*Asks:* 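So that we are looking at the same thing, I have put the structure below in structure tokens.
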Amino acid sequence: PNVERMRLLGAKVVEVTQGGQCLKDAVDSAFTAFMADYDNTFFGIGSVVGPHPYPQMIRNFQSVVGREAKEQFTNQVGGKPDYLIACVGGGSNAIGLFSAFIDDKDVNIIGVEPGGKSFKPGEHAATLTLGKPGEIHGMFTYLLQDEEGEPLPVHSIASGLDYPGVGPEHSDLKDQERVEYKTANDKEALAAFQELSKVEGIIPALESAHALAEAFKLAPKLGKDKTIIVNLSGRGDKDLEFVLDKLGV
């Protein structure tokens with residue numbers, strides 16, 4: 001559905017056929033096209049990855065999410081939330097939300113990575129959980145890599161999270177221990193996708209379902225006076241056909 005919308009709006013969409021056909025390979029292809037004719041090409045990217053100034057630019061664009069969430073929470077609930085939860089692949093939606101609360105030390109912040117099928121190489125994309133510092137796409141960040149520093153294959157049920165690196169600001173927040181990074185596996189994300197759809201009538205993107213899965217684990221452990229903001233980074237329209245097939249519906 002997203003590709004169809006882009007074509008309807010006049011974009012030329014080029015399918016990526018190299019590598020594992022995941023987010024990393026799409027970024028590789030975009031950089032290749034840009035470098036082949038950089039005088040006549042404008043390079044844009046939707047995640048907080050790549051060389052400076054792209055991570056900073058996208059963070060600033062996405063920061064409207066955090067500012068509006070903070071203002072609306074203050075108006076509707078009062079005070080500040082106890083927890084923020086967002087999914088992290090490259091990490092643009094998460095850093096957008098987190099940016100407004102980083103200096104609020106009493107707000108706990110959690111980023112949720114894709115645990116995939118298992119923690120075996122190639123079956124997850126838990127970069128901040130299992131990766132080590134390395135270089136990818138012009139940035140120094142945490143990276144799932146082999147002994148030669150080459151990116152490892154990755155997997156996630158959510159197409160927007162299958163990336164072996166992560167935005168460098170997330171790496172810094174991990175090292176500062178300001179943000180706690182956890183994982184949700186494919187089964188947990190799929191269950192969370194179903195639960196929100198049934199209970200609230202809101203169909204989330206599979207990416208966002210990873211954040212919901214963590215919220216479902218966390219909430220029962222907290223008192224009823226505690227508050228959580230979960231960032232829904234997108235709608236699940238694009239995932240419906242895939243999810244229905246997975247569920248055999």
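What's counted below: heavy atoms across the whole structure, side chains too, no hydrogens, waters or symmetry copies. As the structure is a computational prediction, the values presented were derived from the model and not from experiment.
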*Asks:* Just checking Tyr181 against His170, ring centres under 6.0 Å apart?
*Replies:* yes
*Asks:* Okay, side chain of Lys117, backbone of Glu123: is any donor-acceptor separation there less than 3.5 Å?
*Replies:* no
*Asks:* Please check if any side-chain donor atom of Asp186 sits under 3.5 Å from a side-chain acceptor atom of His155, or the reverse.
*Replies:*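 Yes, side-chain donor-acceptor contact under 3.5 Å.
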*Asks:* Would the distance check show the side chain of Thr41 and the main-chain N or O of Phe34 forming a donor-acceptor pair, the cut-off being under 3.5 Å?
*Replies:* no
*Asks:* Got a second to check how far Leu144's CG is from Lys24's NZ, nearest 0.5 Å?
*Replies:* 12.0 Å
*Asks:* Counting only heavy atoms not in Lys221, do more than 12 fall under 6.0 Å of its NZ?
*Replies:*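 Incorrect, the count does not exceed 12.
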*Asks:* Measuring only between side-chain heavy atoms, which start at C-beta, is Asn108 closer than 4.5 Å to Leu84?
*Replies:* no
*Asks:* Would you give the length of the straight line joining atom CG of Asn75 to atom CZ of Phe73, rounded to the nearest 0.5 angstrom?
*Replies:*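 Going from CG on Asn75 over to CZ on Phe73, the span is 11.0 Å.
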*Asks:* Return yes if a side-chain donor-acceptor contact under 3.5 Å exists between Ser63 and Ser99, otherwise no.
*Replies:*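 Looking only at side-chain atoms, Ser99 and Ser63 do not form any donor-acceptor pair under 3.5 Å.
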*Asks:* Tell me yes or no: between the side chains of Asp172 and Gln176, is some donor less than 3.5 Å from an acceptor?
*Replies:*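 Yes, Gln176 and Asp172 have a side-chain donor paired with an acceptor closer than 3.5 Å.
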*Asks:* For the atom pair CD1 (Ile136) and CD (Glu150), what is the distance rounded to the nearest 0.5 Å?
*Replies:*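 Answer for the CD1-CD pair, Ile136 versus Glu150, is 9.5 Å.
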*Asks:* Do the ring planes of Phe43 and Tyr54 sit parallel (below 30°), tilted (30 to 60°) or perpendicular (above 60°)?
*Replies:*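 Perpendicular: the ring planes of Phe43 and Tyr54 meet at over 60°.
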*Asks:* Is a donor from one side chain sitting under 3.5 angstrom from an acceptor on the other, for Thr183 and Glu113?
*Replies:*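 No - no donor-acceptor pair under 3.5 Å links their side chains.
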*Asks:* Tell me whether the NZ or CZ atom of Lys132 lies within the 45° cone about the ring axis of Tyr142 and under 6.0 Å from its centre.
*Replies:*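 Checked: cation-pi criterion not met.
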*Asks:* Verify the ring-centre separation between Tyr163 and His137: is it less than 6.0 angstrom?
*Replies:*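 That pair passes the under 6.0 Å test.
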*Asks:* Do any N or O atoms from the side chain of Gln21 and from the backbone of Val16 form a donor-acceptor pair under 3.5 angstrom?
*Replies:*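 Indeed, once roles are kept as given, a pair shorter than 3.5 Å links the two residues.
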